[in-house]
Amino acid sequence: TQLLEQSPQFLSIQEGENLTVYCNSSSVFSSLQWYRQEPGEGPVLLVTVVTGGEVKKLKRLTFQFGDARKDSSLHITAAQPGDTGLYLCGGDSSYKLIFGSGTRLLVRP
Amino acid sequence: KAGVTQTPRYLIKTRGQQVTLSCSPISGHRSVSWYQQTPGQGLQFLFEYFSETQRNKGNFPGRFSGRQFSNSRSEMNVSTLELGDSALYLCASSSGQLANTGELFFGEGSRLTVL
């Protein structure tokens, strides 16, 4: 059974701080996707990482895919209140995504 | 283009009843997936349809079923509702053309409460 574990589960930080969220698995995935979900809405795709060792940057967000394609991380620099939300990683597996339990981030002004 | 539309947005049912949820995908998308989201279990995959065929199914009991119509719209049904079925049910569409899952475009969800 393929599982994805995310850590930490909850994170409350002050505006301007940096943070890293982790997504780990014992299984290899062909790709990993990161989504952000805000209250009352569905998840929205942030990025897809495909190649082992790949690093992608999206403004203040940096995503990395592990060399073995089993883990990924999301680093946010100088967090802002607008970054508040539930961050989900999803591993691609036969026409479905297997999601981690998510990291709930609160950025306090 | 219009996003994924799910109806109804909120509904309350009692144990033993059944419910049908509807999802209209983004125009041109032929793949529709359903996920159940709960605080304890997170996002769990229910099933995926492409061109009216179920391509994958998650580990849910047979009370959960779905279908897709020729216009790519999809419905899911839950029969004999249990308290534990209370959740946000999310529908996602994608082009579904590639072997990998591709980007999923989610609707806002249908929040089901079972009393």
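Since the structure is predicted, the reported quantities are computational estimates derived from the model, not experimental observations. Numbered from 1 within each chain, the chains take letters A, B, ... in sequence-line order.
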Check against side-chain contact (heavy atoms from CB on, under 4.5 Å), B:Leu104 and A:Tyr35: CA-CA 10 Å; B:Leu104 296 182; A:Tyr35 289 79; 3.4 Å; yes
side-chain contact (heavy atoms from CB on, under 4.5 Å) between A:Glu41 and B:Phe106, worked out: CA-CA 8 Å; A:Glu41 300 181 8; B:Phe106 285 88; over 6 Å; no
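Under the 4.5 Å side-chain contact rule for hydrophobic residues, B:Phe64 and B:Leu88 do not share a cluster. Residues B:Phe105 and A:Trp34 do not share a hydrophobic cluster, clusters being chains of Ile/Leu/Val/Met/Phe/Trp/Tyr side chains in contact below 4.5 Å. Linking Ile, Leu, Val, Met, Phe, Trp and Tyr whenever their side-chain heavy atoms come within less than 4.5 Å puts B:Val19 and B:Leu46 in one cluster.
Only the side chain of B:Gln37 has a heavy atom closer than 4.5 Å to any heavy atom of chain A. Only the side chain of A:Leu88 comes within less than 4.5 Å of a heavy atom of chain B; its backbone N, CA, C and O stay farther away. Interface remark: B:Arg9 contributes side-chain atoms only to the contact with chain A (heavy atom separation under 4.5 Å).
One distance of note links CD of A:Glu38 with CD of B:Glu108; it measures 11.5 Å at 0.5 Å rounding. Atom CZ of A:Phe99 and atom CG of B:Leu90 lie 9.0 Å apart (nearest 0.5 Å).
Atom CD of A:Glu5 is surrounded by 12 or fewer heavy atoms from other residues, nucleotides or ligands within 6.0 Å.
The contact list for residues 42-64 of chain A toward chain B, using heavy atoms and a distance under 4.5 Å, reads A:Gly42, A:Pro43, A:Leu45 by residue number.
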